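In what follows, every chain begins at residue 1, and chains take the letters A, B, ... in the order their sequences are listed. Predicted, not measured: the structure shown is a model, and the values here were computed from it. The figures that follow rest on heavy atoms only: side chains count, while hydrogens, waters and symmetry mates do not.
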Amino acid sequence: MPEILEIESYRELAARTIGREVRAVDAPDAWFLKQGLDAEALASALIGHRVDGARRIGKLLLVDLHGAPTLGLRFGMTGRLVVDGATAIDALAYGPARENPAWDRFRLVLDRGTLVINDPRRLGGVLLDPDESRLGVDAMTLTSAQLAAVLERSDAPLKAKLMDQARIAGLGNLLTDESLWRAGIDPARPAGSLDARETEVLAAAIRETLTLLGTRGGSHTGDLQRERRRGGLCPRDGAPLERRTVGGRTTYSCPAHQH
DNA sequence: CTCGACTCCTGTTAGC
DNA sequence: TGCTAACAGGAGTCGA
């Protein structure tokens, strides 16, 4: 599913539209428009304005327009960005193999080309002038000091804290499981129970995971991912992986080396 | 404020 | 073979 790595590639794709002017807004799915937005309000806010830039905070893609409110795009679990008919990534874990035009939930018609969100399961959405202050520090620039501040004095499961977008923006279920597996830390540990050394190991594992999986092509390319199924074995030591619900999410971890 | 439970969505897949 | 029910997770809401 789209996590920070996929959204980063969406950002690069969206940057192709810089300098183009919005000519029309096609929002056939009212449910996809969030925070009381409707198609008319969106059209009147955006039409006639040029794209100034494409930014990203965590899993939120921001399209800045000249003289207009910033457009916020969220992709949920199965959303893809399509610019001028091209996608940024070929495969999405848990997503359908092929695209169906019926799943186009939002479309910007530009003076040259189009920007489209295709989302089968409709868990993404479109925002106008989103509150960027609600998102925590971006996972790509997370330092161990920032991680320590997020985790300290919390009894919540470590995994829940790592996935809390208000504290750390960008990590989803797959990247979190992969990072914890690499760090050798149990996802269910109380967040505040990590000592300084473990916090540094985890911060390094998150950095390493983002860098490595970024070059491999996405959040679904982790070593743990291949065994992320019932009966899967730990790629590191061959132990049967444990499957649990932690922080409300299906979680795979290795009881032999994650403590 | 913190935390967990619940809810939304629908294509895919496991199982009868 | 054909059907049903469970499953997947990002994000918002609500109540203790």
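Remark: D223(A) does not engage R236(A) in a salt bridge, criterion side-chain N to carboxylate O under 4.0 Å. Note on E3(A) versus K59(A): no salt bridge recorded, every NZ/NE/NH1/NH2 to OD/OE distance being 4.0 Å or above. Between D138(A) and R56(A) there is a salt bridge, since at least one side-chain N of the basic residue sits less than 4.0 Å from a carboxylate O of the acidic one.
Rounded to whole angstrom, the span from the CG atom of N100(A) across to the P atom of dT10(B) amounts to 13 Å. One atom, NZ of K34(A), and another, P of dC8(B), lie 13 Å apart when rounded to the nearest Å. Taking atom CG of L61(A) as the reference point, atom P of dG10(C) lies 17 Å away to the nearest angstrom. As rounded to whole Å, 17 Å separates atom C1' of dT12(B) from atom NE2 of H220(A).
Nucleic acid contact for K59(A): sugar-phosphate only, since backbone atoms but no base atoms lie under 4.0 Å from a heavy atom of the residue. In this structure, P190(A) reaches neither bases nor backbone, as no heavy-atom distance under 4.0 Å exists between it and the strands shown. D155(A) comes within 4.0 angstrom of sugar-phosphate atoms only, judged by non-hydrogen atoms across all strands, and of no base.
The side chain of R249(A) lies closest to dA11(C), out of dG4(B), dA11(C), dC9(B). Distance from the side chain of R230(A) is smallest to dC7(C) among dC3(B), dC9(B), dC7(C). Out of dG11(B), dG4(B), dG10(C), the shortest distance to the side chain of A156(A) is found at dG4(B). Of the candidate nucleotides dA11(C), dC3(B), dG10(C), dA11(C) has the atom lying nearest to any side-chain atom of R74(A). The nucleotide whose nearest atom lies closest to any side-chain atom of R122(A) is, among dA11(C), dC3(B), dC9(B), dC9(B). Each of dA8(C), dA11(C), dC3(B) was ranked by its minimum atom distance to the side chain of T250(A); first place goes to dA8(C). Of all nucleotides listed (dC3(B), dA11(C), dA8(C)), dA8(C) comes nearest to the side chain of R243(A). Among the nucleotides dC3(B), dT10(B), dG10(C), the one closest to any side-chain atom of E3(A) is dG10(C). Relative to the side chain of P120(A), the nucleotides dG4(B), dA11(C), dG11(B) differ in distance, and dG11(B) lies closest. Comparing dG12(C), dG11(B), dC3(B) by their nearest atom to the side chain of R134(A) picks out dG12(C).
Comparing G248(A) and R105(A) by the nucleotide of DNA chain B whose heavy atom lies nearest to each, the residue mapping closer to the 5' end is G248(A).
If you check the side chains of R243(A) and T251(A), you find no donor sitting under 3.5 Å from an acceptor.
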